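Positions are given from 1 along the sequence. Quick caveat: nothing in here was measured; it's all calculated off a predicted structure.
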Amino acid sequence: MSQFPDAHFLTSANHVSQLVADEGAEIAFAGRSNAGKSSAINTLVNRRQFARTSKTPGRTQLINFFALAPTKRLVDLPGYGFARVAPKVQQHWQSLMEAYFSDRRSLAGVFLIVDIRRGIGDFDEQMISFAEALQIPVHALLTKSDKLKRGAAATALLQARKVLAGRGTAQLFSSLQRSGVEEAVDQLIDMLNPDAAA
């Protein structure tokens, strides 16, 4: 059963003027194009095709807004790193991301989607920096944890926490095995309701 039974797609934005009203609270999901971001979103809301998944990295090329509850949103950001698009499009994404993070008052937290086999990279660090500047929490999902043996996964988690160095939290997560879902949903709810968690 989903913690978000009323979740639904709102709109996609390719320009700052197309963003939904800046009110309530929203959590941005960011990650490399092949880190399993859409699968993680689908697993967290318990909807198979809630966010579209693709075997072609970089399919999320817009900022996609989803309502989870009244005034509570999930924001699927364009994947970075592997998208096979023209440099001009990459530059547009970069400027759109910078504008989103600099102007968005309702942004309450960032879920960083990281392939456990790759670890936290340069693009992820940029997202962490955006969140630090806004003084909002970061939670890293180390996805595809089923691809590693238990000991290797535990080592990767320790390494991620070392890299984050208090700038955020991290956990193991597998959409395939549905492991780590409860912890991640709890984090998501806490971020959306900071006053309740305080």
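With hydrogens and angles ignored, the 3.5 Å screen pairs a side-chain donor or acceptor of Arg73 with a backbone N or O of Glu23. Judged by distance alone, with hydrogens and angles left aside, the side-chain atoms of Lys37 form a donor-acceptor pair with the main-chain N or O of Leu77 at under 3.5 Å.
Evaluation of the side-chain hydrogen bond (donor to acceptor under 3.5 Å, both in side chains) rule for Asp103 yields no partner, not counting sequence neighbours. When the side-chain hydrogen bond (donor to acceptor under 3.5 Å, both in side chains) test is applied to Arg47, no partner is found at least two apart in sequence or on another chain. With sequence neighbours left out, the side-chain hydrogen bond (donor to acceptor under 3.5 Å, both in side chains) criterion links Gln126 to no other residue. With sequence neighbours left out, Leu107 forms a side-chain contact (heavy atoms from CB on, under 4.5 Å) with Glu26, Ala28, Tyr100, Phe101, Arg104, Leu134, Ile136. Every side-chain contact (heavy atoms from CB on, under 4.5 Å) that Gln159 has, sequence neighbours left out, goes to Lys162, Val163. For Arg161, the side-chain contact (heavy atoms from CB on, under 4.5 Å) partners are Leu157, Ala170, not counting sequence neighbours. Legend: residues meeting side-chain hydrogen bond (donor to acceptor under 3.5 Å, both in side chains) with Ser174, ordered by chain and number and at least two apart, are Asp146. Partners of Glu132 by salt bridge (charged side-chain N to carboxylate O under 4.0 Å, His left out), not counting sequence neighbours: none found.
Ser106 and Asp22 share a side-chain donor-acceptor pair at under 3.5 Å.
A distance of 7.5 Å separates CG in Leu164 from OG1 in Thr169, rounded to the nearest 0.5 Å. Here the NZ atom belonging to Lys147 is positioned 6.0 Å from the CZ atom belonging to Arg117, to the nearest 0.5 angstrom. Atom CG of residue Asp115 and atom CG of residue Leu141 lie 12.0 Å apart, to the nearest 0.5 angstrom. Between atom CG of residue Leu142 and atom CG of residue Leu172 there is a gap of 6.0 Å, rounded to the nearest 0.5 Å. Between the OG atom of Ser145 and the CZ atom of Arg150 there is a distance of 11.0 Å, given to the nearest 0.5 Å. For the atom pair CG of Leu44 and CZ of Phe50, the computed distance is 10.5 Å after rounding to the nearest 0.5 Å.
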(Q) Before you tell me yes or no, could you show the steps for Phe130 and Val110 under side-chain contact (heavy atoms from CB on, under 4.5 Å), namely the whole-Å CA-CA distance, both residues' side-chain angles and the distance that decides it to 0.1 Å? (A) CA-CA 9 Å; Phe130 281 145; Val110 174; over 6 Å; no
| message | Checking Leu62 against Asp76 for the side-chain contact (heavy atoms from CB on, under 4.5 Å) test, could you report, in this order, the C-alpha distance in whole Å, the side-chain angles of both residues, the deciding distance, and whether it holds? | response | CA-CA 8 Å; Leu62 304 169; Asp76 187 9; over 6 Å; no
Full working for side-chain contact (heavy atoms from CB on, under 4.5 Å) between Leu19 and Phe65:
CA-CA 8 Å; Leu19 301 178; Phe65 290 86; 3.6 Å; yes
Quiz item: Given the rule in the side-chain contact (heavy atoms from CB on, under 4.5 Å) test, do Val45 and Gln3 qualify, once you have shown the distances and angles that lead to the verdict?
Solution: CA-CA 7 Å; Val45 299; Gln3 289 274 11; over 6 Å; no
Taking distance alone, no hydrogens or angles, what donor-acceptor pairs closer than 3.5 Å link side-chain atoms of residues 175-188 to residues at least two apart or in another chain?
from	atom 1	to	atom 2	distance (Å)
Ser175	OG	Ser39	O	3.4
Ser175	OG	Thr43	OG1	3.2

Less than 3.5 Å apart, which donor and acceptor atoms pair up between the side chains of residues 7-16 and the rest of the protein, not counting sequence neighbours?
from	atom 1	to	atom 2	distance (Å)
His8	ND1	Asp6	O	2.9
Ser12	OG	Asn64	OD1	2.4
Asn14	OD1	His92	NE2	3.2
His15	ND1	Ser17	N	3.1
His15	ND1	Ser17	OG	3.0

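The two residues Gly119 and Asp124 come nearest to each other via the heavy atoms O-OD2, 3.9 Å. Of all non-hydrogen atoms in Arg167 and Val138, the two that sit nearest each other are O-CB, 4.0 Å.
For the pair Lys72/Ile27, no side-chain contact is recorded, criterion being any heavy-atom separation below 4.5 Å from C-beta on. No side-chain heavy atom of Leu74 sits less than 4.5 Å from a side-chain heavy atom of Leu192. Annotation: side chain of Val114 is not in contact with side chain of Thr143 (no heavy-atom distance under 4.5 Å).
A ring pair (Phe, Tyr, Trp, His ring centres under 6.0 Å) check over residues 139-175, counting only residues at least two apart or in different chains, returns the pairs Phe111-His139.
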